[in-house]
Undergrad: 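One structure, as C-alpha coordinates, below. Some questions next.
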Protein chains: 2
Amino acid sequence: MIDPTSDRAQYRQIADDLRAAILSGRLTHGDRVPSEERLCQEHGVSRTTVRKAIDVLKSEGLVEVRAPRGTFVRNAPPTETVQLRRGDRVRTRMPIPGERQELDMREGVPLLIITRTDGKEEQYPGDRTQAQQGPAGK
Amino acid sequence: MIDPTSDRAQYRQIADDLRAAILSGRLTHGDRVPSEERLCQEHGVSRTTVRKAIDVLKSEGLVEVRAPRGTFVRNAPPTETVQLRRGDRVRTRMPIPGERQELDMREGVPLLIITRTDGKEEQYPGDRTQAQQGPAGK
DNA sequence: TCCCATTTGTGCGTATGTATC
DNA sequence: GGATACATACGCACAAATGGG
(Lines give C-alpha, C1' and ligand atoms only; values in the text may rest on other atoms or scores of the structure.)
Protein backbone atom coordinates (compact mmCIF):
# COMPACT_ATOMS: atom_id res chain seq x y z
CA MET A 1 0.00 0.00 0.00
CA ILE A 2 1.28 3.44 -0.81
CA ASP A 3 1.28 6.29 1.66
CA PRO A 4 0.05 9.66 0.32
CA THR A 5 1.54 11.46 3.31
CA SER A 6 5.00 10.00 2.84
CA ASP A 7 7.92 12.15 1.78
CA ARG A 8 8.37 9.85 -1.15
CA ALA A 9 6.12 10.84 -4.04
CA GLN A 10 3.23 8.48 -4.68
CA TYR A 11 4.35 7.77 -8.24
CA ARG A 12 7.77 6.79 -6.91
CA GLN A 13 6.19 4.44 -4.40
CA ILE A 14 4.18 2.78 -7.14
CA ALA A 15 7.31 2.51 -9.28
CA ASP A 16 9.14 1.02 -6.29
CA ASP A 17 6.42 -1.60 -5.88
CA LEU A 18 6.49 -2.66 -9.50
CA ARG A 19 10.28 -2.60 -9.64
CA ALA A 20 10.47 -4.82 -6.58
CA ALA A 21 8.04 -7.23 -8.22
CA ILE A 22 10.25 -7.36 -11.30
CA LEU A 23 13.59 -7.66 -9.53
CA SER A 24 12.26 -10.31 -7.16
CA GLY A 25 11.02 -12.36 -10.07
CA ARG A 26 7.39 -12.09 -9.10
CA LEU A 27 6.97 -10.46 -12.50
CA THR A 28 9.22 -11.90 -15.16
CA HIS A 29 10.30 -11.13 -18.69
CA GLY A 30 7.26 -10.86 -20.96
CA ASP A 31 4.70 -10.57 -18.19
CA ARG A 32 2.05 -7.94 -18.58
CA VAL A 33 1.90 -5.14 -16.02
CA PRO A 34 -1.64 -4.23 -14.87
CA SER A 35 -3.28 -1.59 -17.06
CA GLU A 36 -3.10 2.05 -16.03
CA GLU A 37 -6.76 2.03 -15.15
CA ARG A 38 -6.21 -1.02 -12.98
CA LEU A 39 -3.27 0.54 -11.17
CA CYS A 40 -5.32 3.70 -10.55
CA GLN A 41 -7.95 1.64 -8.77
CA GLU A 42 -5.50 -0.53 -6.86
CA HIS A 43 -3.62 2.45 -5.47
CA GLY A 44 -6.39 5.01 -5.40
CA VAL A 45 -4.53 7.59 -7.45
CA SER A 46 -5.07 9.46 -10.69
CA ARG A 47 -3.94 8.24 -14.04
CA THR A 48 -1.38 11.05 -14.16
CA THR A 49 0.32 9.52 -11.15
CA VAL A 50 0.25 5.99 -12.50
CA ARG A 51 1.68 7.12 -15.81
CA LYS A 52 4.56 8.88 -14.08
CA ALA A 53 5.32 5.63 -12.29
CA ILE A 54 5.38 3.75 -15.58
CA ASP A 55 7.61 6.46 -17.04
CA VAL A 56 10.12 5.79 -14.29
CA LEU A 57 10.24 2.08 -15.11
CA LYS A 58 10.49 2.83 -18.81
CA SER A 59 13.48 5.07 -18.26
CA GLU A 60 15.07 2.28 -16.24
CA GLY A 61 14.56 -0.12 -19.10
CA LEU A 62 12.49 -2.48 -16.96
CA VAL A 63 9.31 -2.32 -18.99
CA GLU A 64 8.30 -1.85 -22.58
CA VAL A 65 5.04 -0.16 -23.47
CA ARG A 66 3.35 -1.47 -26.58
CA ALA A 67 0.41 0.83 -27.15
CA PRO A 68 -2.39 0.04 -27.02
CA ARG A 69 -1.68 -3.55 -26.05
CA GLY A 70 -0.25 -2.98 -22.64
CA THR A 71 2.96 -2.68 -20.69
CA PHE A 72 5.32 -5.63 -20.47
CA VAL A 73 8.28 -6.57 -18.33
CA ARG A 74 11.64 -6.40 -20.03
CA ASN A 75 14.31 -8.14 -18.07
CA ALA A 76 16.94 -10.18 -19.84
CA PRO A 77 20.74 -10.14 -19.87
CA PRO A 78 22.83 -9.44 -23.00
CA THR A 79 23.08 -12.33 -25.44
CA GLU A 80 25.62 -11.04 -27.94
CA THR A 81 29.29 -10.55 -27.28
CA VAL A 82 31.50 -8.18 -29.22
CA GLN A 83 35.23 -8.80 -29.17
CA LEU A 84 37.55 -6.07 -27.96
CA ARG A 85 41.10 -5.59 -29.17
CA ARG A 86 43.97 -4.02 -27.34
CA GLY A 87 43.52 -0.27 -27.02
CA ASP A 88 39.80 -0.26 -27.80
CA ARG A 89 37.78 1.99 -25.55
CA VAL A 90 34.25 1.34 -24.30
CA ARG A 91 31.78 3.91 -23.07
CA THR A 92 28.02 4.35 -22.76
CA ARG A 93 25.33 6.96 -23.06
CA MET A 94 21.64 7.18 -23.86
CA PRO A 95 20.74 7.25 -27.56
CA ILE A 96 18.86 10.08 -29.20
CA PRO A 97 15.61 9.15 -30.98
CA GLY A 98 17.30 8.78 -34.36
CA GLU A 99 19.83 6.33 -32.98
CA ARG A 100 17.13 4.46 -31.12
CA GLN A 101 15.18 3.94 -34.28
CA GLU A 102 18.26 3.06 -36.28
CA LEU A 103 19.20 0.25 -33.90
CA ASP A 104 15.62 -0.70 -33.07
CA MET A 105 16.04 -0.01 -29.39
CA ARG A 106 13.41 0.54 -26.75
CA GLU A 107 13.24 3.41 -24.31
CA GLY A 108 15.45 3.15 -21.27
CA VAL A 109 18.12 1.17 -23.07
CA PRO A 110 21.60 2.72 -23.23
CA LEU A 111 24.08 2.50 -26.08
CA LEU A 112 27.29 0.53 -25.76
CA ILE A 113 29.90 2.40 -27.76
CA ILE A 114 33.23 0.97 -28.80
CA THR A 115 35.96 3.18 -30.16
CA ARG A 116 38.52 1.14 -32.03
CA THR A 117 42.16 2.12 -32.07
CA ASP A 118 41.78 3.45 -35.60
CA GLY A 119 39.20 5.92 -34.28
CA LYS A 120 36.17 4.20 -35.78
CA GLU A 121 33.13 3.93 -33.54
CA GLU A 122 30.64 1.11 -33.23
CA GLN A 123 27.31 1.37 -31.45
CA TYR A 124 25.33 -1.49 -29.97
CA PRO A 125 22.05 -1.81 -28.05
CA GLY A 126 23.01 -2.11 -24.40
CA ASP A 127 20.35 -4.68 -23.57
CA ARG A 128 21.58 -7.23 -26.09
CA THR A 129 25.28 -6.65 -26.20
CA GLN A 130 28.34 -6.97 -24.02
CA ALA A 131 31.96 -6.42 -24.92
CA GLN A 132 34.82 -8.73 -24.04
CA GLN A 133 38.53 -8.71 -24.55
CA GLY A 134 39.28 -12.04 -26.15
CA PRO A 135 39.16 -14.68 -23.37
CA ALA A 136 42.67 -15.40 -22.20
CA GLY A 137 44.94 -16.76 -24.84
CA LYS A 138 44.40 -15.04 -28.13
CA MET B 1 8.21 26.94 -34.56
CA ILE B 2 6.30 23.84 -33.62
CA ASP B 3 3.33 22.55 -35.55
CA PRO B 4 0.33 21.44 -33.48
CA THR B 5 -1.15 19.61 -36.47
CA SER B 6 1.98 17.60 -37.14
CA ASP B 7 2.05 13.85 -36.60
CA ARG B 8 4.93 14.40 -34.22
CA ALA B 9 3.71 15.25 -30.75
CA GLN B 10 4.27 18.84 -29.68
CA TYR B 11 6.39 17.84 -26.70
CA ARG B 12 8.60 15.82 -29.01
CA GLN B 13 9.00 18.78 -31.33
CA ILE B 14 10.04 20.97 -28.43
CA ALA B 15 12.46 18.29 -27.26
CA ASP B 16 13.81 18.06 -30.81
CA ASP B 17 14.41 21.83 -30.85
CA LEU B 18 16.28 21.85 -27.58
CA ARG B 19 18.25 18.74 -28.44
CA ALA B 20 19.31 20.27 -31.74
CA ALA B 21 20.44 23.37 -29.88
CA ILE B 22 22.52 21.25 -27.54
CA LEU B 23 24.05 18.95 -30.15
CA SER B 24 24.85 21.86 -32.45
CA GLY B 25 26.66 23.64 -29.66
CA ARG B 26 24.27 26.57 -29.56
CA LEU B 27 23.65 25.50 -25.99
CA THR B 28 26.71 24.12 -24.27
CA HIS B 29 27.56 22.35 -21.04
CA GLY B 30 26.36 24.31 -18.06
CA ASP B 31 24.05 26.61 -19.99
CA ARG B 32 20.65 27.19 -18.55
CA VAL B 33 17.63 26.09 -20.54
CA PRO B 34 14.75 28.60 -20.57
CA SER B 35 12.35 28.13 -17.67
CA GLU B 36 9.22 26.05 -18.15
CA GLU B 37 7.08 29.17 -18.04
CA ARG B 38 9.27 30.76 -20.69
CA LEU B 39 9.03 27.72 -22.96
CA CYS B 40 5.25 27.69 -22.54
CA GLN B 41 5.07 31.24 -23.84
CA GLU B 42 7.61 30.73 -26.63
CA HIS B 43 5.79 27.72 -28.01
CA GLY B 44 2.25 28.52 -26.97
CA VAL B 45 1.68 25.27 -25.12
CA SER B 46 0.74 24.20 -21.62
CA ARG B 47 3.23 23.54 -18.89
CA THR B 48 2.34 19.86 -19.04
CA THR B 49 3.63 19.72 -22.58
CA VAL B 50 6.83 21.60 -21.81
CA ARG B 51 7.56 19.34 -18.87
CA LYS B 52 7.14 16.24 -21.03
CA ALA B 53 9.70 17.71 -23.41
CA ILE B 54 12.13 18.29 -20.55
CA ASP B 55 11.49 14.73 -19.36
CA VAL B 56 12.61 13.45 -22.74
CA LEU B 57 15.88 15.34 -22.53
CA LYS B 58 16.42 14.21 -18.96
CA SER B 59 16.02 10.59 -19.94
CA GLU B 60 18.57 11.17 -22.70
CA GLY B 61 21.01 12.55 -20.18
CA LEU B 62 21.25 15.86 -22.02
CA VAL B 63 20.00 18.08 -19.23
CA GLU B 64 20.02 18.13 -15.47
CA VAL B 65 17.16 19.69 -13.55
CA ARG B 66 18.14 21.36 -10.33
CA ALA B 67 14.89 22.36 -8.70
CA PRO B 68 14.05 25.10 -8.26
CA ARG B 69 17.14 26.71 -9.79
CA GLY B 70 16.53 25.73 -13.34
CA THR B 71 17.42 23.21 -16.01
CA PHE B 72 20.98 22.99 -17.24
CA VAL B 73 22.71 21.43 -20.20
CA ARG B 74 24.78 18.36 -19.45
CA ASN B 75 27.06 17.47 -22.27
CA ALA B 76 30.59 16.34 -21.55
CA PRO B 77 32.58 13.25 -22.50
CA PRO B 78 33.96 10.77 -19.94
CA THR B 79 37.06 11.92 -18.08
CA GLU B 80 38.03 8.80 -16.18
CA THR B 81 39.42 5.64 -17.70
CA VAL B 82 39.22 2.22 -16.11
CA GLN B 83 41.69 -0.40 -17.25
CA LEU B 84 40.41 -3.67 -18.63
CA ARG B 85 42.24 -6.97 -18.36
CA ARG B 86 42.04 -9.92 -20.65
CA GLY B 87 38.71 -11.68 -20.31
CA ASP B 88 36.93 -8.83 -18.58
CA ARG B 89 33.43 -8.18 -19.86
CA VAL B 90 31.75 -4.80 -20.22
CA ARG B 91 28.04 -4.13 -20.38
CA THR B 92 25.60 -1.34 -19.63
CA ARG B 93 22.14 -0.73 -18.27
CA MET B 94 20.20 1.99 -16.50
CA PRO B 95 20.63 2.16 -12.72
CA ILE B 96 17.80 1.80 -10.27
CA PRO B 97 17.30 4.69 -7.82
CA GLY B 98 19.40 3.08 -5.09
CA GLU B 99 22.34 2.67 -7.44
CA ARG B 100 21.89 6.18 -8.76
CA GLN B 101 22.13 7.60 -5.29
CA GLU B 102 25.02 5.36 -4.33
CA LEU B 103 27.12 6.58 -7.22
CA ASP B 104 25.75 10.13 -7.19
CA MET B 105 24.44 9.89 -10.74
CA ARG B 106 21.89 12.06 -12.48
CA GLU B 107 18.85 10.86 -14.36
CA GLY B 108 19.44 9.66 -17.88
CA VAL B 109 22.93 8.40 -17.14
CA PRO B 110 23.58 4.70 -17.71
CA LEU B 111 25.83 2.44 -15.68
CA LEU B 112 29.06 1.05 -17.10
CA ILE B 113 29.48 -2.41 -15.62
CA ILE B 114 32.67 -4.39 -15.71
CA THR B 115 32.73 -8.06 -14.82
CA ARG B 116 36.23 -9.19 -13.99
CA THR B 117 37.40 -12.68 -14.81
CA ASP B 118 37.06 -13.65 -11.15
CA GLY B 119 33.35 -12.82 -11.36
CA LYS B 120 33.52 -9.60 -9.38
CA GLU B 121 31.51 -6.70 -10.74
CA GLU B 122 32.36 -3.01 -10.77
CA GLN B 123 29.91 -0.25 -11.56
CA TYR B 124 30.74 3.20 -12.83
CA PRO B 125 28.75 6.27 -13.84
CA GLY B 126 28.54 6.22 -17.63
CA ASP B 127 28.95 9.94 -18.07
CA ARG B 128 32.32 10.09 -16.34
CA THR B 129 33.86 6.76 -17.13
CA GLN B 130 35.18 4.79 -20.05
CA ALA B 131 36.91 1.45 -20.10
CA GLN B 132 40.03 0.61 -22.00
CA GLN B 133 42.10 -2.47 -22.55
CA GLY B 134 45.67 -1.40 -21.74
CA PRO B 135 46.91 0.67 -24.70
CA ALA B 136 48.94 -1.48 -27.02
CA GLY B 137 52.09 -2.84 -25.48
CA LYS B 138 51.28 -3.72 -21.95
C1' DT C 1 -16.45 -4.57 -43.09
C1' DC C 2 -17.92 -2.54 -39.18
C1' DC C 3 -18.61 -1.76 -34.39
C1' DC C 4 -17.06 -1.82 -29.81
C1' DA C 5 -14.36 -2.19 -25.63
C1' DT C 6 -9.85 -1.71 -23.97
C1' DT C 7 -5.57 0.65 -23.49
C1' DT C 8 -2.12 3.81 -24.23
C1' DG C 9 -0.83 8.72 -26.20
C1' DT C 10 -1.32 13.58 -26.10
C1' DG C 11 -2.77 17.84 -24.25
C1' DC C 12 -5.44 21.07 -21.60
C1' DG C 13 -6.46 23.44 -16.99
C1' DT C 14 -5.90 23.82 -12.03
C1' DA C 15 -4.04 23.56 -7.41
C1' DT C 16 -0.64 23.15 -3.87
C1' DG C 17 4.00 22.29 -1.98
C1' DT C 18 8.81 23.43 -1.53
C1' DA C 19 13.33 25.16 -2.25
C1' DT C 20 16.11 28.99 -3.86
C1' DC C 21 17.30 33.62 -4.39
C1' DG D 1 8.77 37.96 3.08
C1' DG D 2 8.12 37.79 -1.73
C1' DA D 3 9.10 36.24 -6.42
C1' DT D 4 10.57 32.55 -9.15
C1' DA D 5 10.72 27.88 -10.70
C1' DC D 6 10.41 23.11 -10.39
C1' DA D 7 7.59 18.84 -8.16
C1' DT D 8 3.50 16.52 -7.36
C1' DA D 9 -1.20 15.44 -8.15
C1' DC D 10 -5.96 16.00 -9.44
C1' DG D 11 -9.48 16.21 -13.19
C1' DC D 12 -10.98 16.14 -18.05
C1' DA D 13 -11.07 15.30 -23.05
C1' DC D 14 -10.09 13.32 -27.30
C1' DA D 15 -7.08 10.53 -30.52
C1' DA D 16 -5.36 6.25 -32.19
C1' DA D 17 -4.36 1.50 -32.40
C1' DT D 18 -5.55 -3.19 -31.28
C1' DG D 19 -8.32 -7.23 -30.78
C1' DG D 20 -12.76 -9.55 -30.58
C1' DG D 21 -17.31 -10.33 -32.11
Side-chain angles (χ1 to χ4, degrees), chain A residues 1-18 27 30-74 97 100-101 106-108, chain B residues 1-18 27 30-74 97 100-101 106-108:
Chain A
M1 210 48 189
I2 71 169
D3 173 15
T5 71
S6 164
D7 273 352
R8 190 153 182 83
Q10 299 180 56
Y11 76 84
R12 291 190 196 277
Q13 296 181 52
I14 296 174
D16 290 345
D17 272 9
L18 291 172
L27 286 176
D31 281 358
R32 189 171 175 287
V33 172
S35 75
E36 296 175 357
E37 189 53 50
R38 191 83 170 66
L39 290 172
C40 290
Q41 296 165 355
E42 283 180 8
H43 295 100
V45 298
S46 71
R47 199 178 151 211
T48 310
T49 302
V50 163
R51 281 180 64 79
K52 285 240 17 171
I54 300 290
D55 275 347
V56 169
L57 299 178
K58 259 195 310 198
S59 72
E60 290 171 4
L62 293 177
V63 302
E64 168 187 18
V65 180
R66 288 189 299 225
R69 302 252 346 277
T71 301
F72 301 85
V73 175
R74 233 18 223 208
R100 268 239 312 282
Q101 191 171 7
R106 302 183 319 283
E107 283 186 51
Chain B
M1 210 49 190
I2 71 169
D3 173 15
T5 71
S6 165
D7 272 352
R8 191 152 182 84
Q10 298 179 56
Y11 75 86
R12 292 189 195 277
Q13 296 181 51
I14 296 173
D16 290 345
D17 272 9
L18 291 171
L27 286 176
D31 282 357
R32 190 171 176 287
V33 172
S35 76
E36 296 175 356
E37 189 52 50
R38 190 85 169 63
L39 291 171
C40 290
Q41 295 165 356
E42 283 179 9
H43 296 100
V45 298
S46 72
R47 203 178 145 210
T48 311
T49 301
V50 163
R51 281 182 63 78
K52 285 232 31 168
I54 300 290
D55 276 347
V56 169
L57 299 179
K58 258 197 307 198
S59 72
E60 291 171 5
L62 293 177
V63 301
E64 168 186 17
V65 180
R66 288 190 298 226
R69 302 243 352 271
T71 301
F72 300 85
V73 174
R74 223 37 213 203
R100 267 238 315 280
Q101 191 173 6
R106 303 182 320 283
E107 283 185 50

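Order of the sequence lines fixes the chain letters, A, B, ..., with proteins taken first and strands second; residue numbering starts at 1 for each chain.
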Undergrad: Quick one: which of B/Glu36, B/Gln41, B/Glu42 gives a side-chain hydrogen bond (donor to acceptor under 3.5 Å, both in side chains) with B/Arg38?
TA: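 The passing option is B/Glu42.
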Undergrad: Check each of A/Arg8, A/Arg12, A/Gln13 against A/Ile2 using the side-chain contact (heavy atoms from CB on, under 4.5 Å) test, and report the only one that passes.
TA: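 Of all the options given, the one that passes is A/Gln13.
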Undergrad: Roughly, in whole Å, what's the span from CG in A/Asp7 to P in C/dG17?
TA: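 It works out to 14 Å between those atoms.
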Undergrad: Kindly point out which of D/dC6, D/dC10, D/dT18 is positioned nearest to the side chain of B/Thr71?
TA: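 Selected nucleotide (nearest to the side chain): D/dC6.
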Undergrad: How long is the line joining CD of B/Glu37 and C1' of D/dC6, in whole Å?
TA: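 So the two atoms are 12 Å apart, to the nearest Å.
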Undergrad: Picking from D/dC6, C/dT8, D/dA9, which would you name as closest to the side chain of A/Val65?
TA: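 The answer is C/dT8.
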Undergrad: Mind calculating the distance between CD (A/Gln41) and C1' (D/dC10) to the nearest angstrom?
TA: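 Going from A/Gln41 (CD) to D/dC10 (C1'), I get 17 Å.
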Undergrad: Compare all side-chain heavy atoms of A/Glu107 with those of A/Arg100 and state whether any distance is below 4.5 angstrom.
TA: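 Yes; the side chains approach each other to less than 4.5 Å.
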Undergrad: At 4.0 Å (heavy atoms only), tell me whether A/Thr48 reaches a base, stays on the sugar-phosphate, or touches nothing.
TA: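 Base: the residue A/Thr48, judged by heavy atoms under 4.0 Å, touches a nucleobase.
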Undergrad: Are B/Arg51 and D/dT8 close enough that a side-chain N or O sits under 4.0 Å from OP1 or OP2?
TA: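 No, because none of the side-chain N or O atoms of B/Arg51 sits under 4.0 Å from OP1 or OP2 of D/dT8.
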Undergrad: Kindly point out which of C/dT20, D/dT8, C/dG9 is positioned nearest to the side chain of A/Tyr11?
TA: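 Nearest nucleotide to the side chain: D/dT8.
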Undergrad: Between C1' on C/dT6 and CG on A/Leu39, what's the gap in Å once rounded to a whole number?
TA: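 About 15 Å, once rounded to whole Å.
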Undergrad: C/dC21, OP1 or OP2 - any side-chain N/O from B/Arg69 closer than 4.0 Å?
TA: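 So the side chain of B/Arg69 is within the cut-off, an N or O lying under 4.0 Å from OP1 or OP2 of C/dC21.
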Undergrad: Considering only NZ, NE, NH1 and NH2 on the basic side and carboxylate oxygens on the acidic side, decide whether B/Lys58 and B/Asp55 come within less than 4.0 Å.
TA: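 Yes, this pair counts.
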Undergrad: Send over the distance from B/Asp3 CG to C/dG11 C1', rounded to a whole Å.
TA: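 That distance rounds to 15 Å.
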Undergrad: Of the nucleotides C/dT20, D/dG11, D/dT18, which has the atom closest to the A/Pro68 side chain?
TA: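 Selected nucleotide (nearest to the side chain): D/dT18.
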Undergrad: Under 4.0 Å, counting only non-hydrogen atoms across every strand here, what does B/Arg66 touch: a base, just sugar-phosphate, or nothing?
TA: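 Here B/Arg66 touches no strand at all.
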Undergrad: Rounded to whole Å, please give me the gap between CD1 in B/Ile54 and C1' in D/dC6.
TA: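 Going from CD1 in B/Ile54 over to C1' in D/dC6 covers 10 Å.
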Undergrad: How many whole angstroms separate atom NE2 of A/His43 from atom P of D/dC10?
TA: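 The distance from NE2 of A/His43 to P of D/dC10 comes to 12 Å, rounded to the nearest Å.
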Undergrad: Does a side-chain N or O of A/Arg47 approach OP1 or OP2 of D/dC10 to a distance below 4.0 Å, or not?
TA: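 So the side chain of A/Arg47 is outside the cut-off, no N or O lying under 4.0 Å from OP1 or OP2 of D/dC10.
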Undergrad: Which whole-number value in Å describes the distance from B/Arg12 CZ to C/dT8 C1'?
TA: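 Rounded to the whole Å, the gap is 12 Å.
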Undergrad: Would B/Ile54 and B/Leu39 satisfy side chain to side chain contact (heavy atoms under 4.5 Å, CB included), going step by step from the backbone distance to the final call?
TA: CA-CA 10 Å; B/Ile54 300 290; B/Leu39 291 171; 4.2 Å; yes
Undergrad: Heavy atoms under 4.0 Å, any strand shown: does A/Arg8 hit a base, just sugar-phosphate, or nothing?
TA: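 Answer is nothing: A/Arg8 stays at 4.0 Å or more from every strand.
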Undergrad: Quick one: which of C/dG11, D/dT8, D/dA5 gets closest to the side chain of B/Ser35?
TA: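 Side chain of B/Ser35 sits closest to D/dA5.
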Undergrad: Does B/Arg38 reach a base, just sugar-phosphate, or nothing at all? Heavy atoms under 4.0 Å.
TA: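 No contact at all - B/Arg38 keeps every heavy atom at 4.0 Å or more from the nucleic acid.
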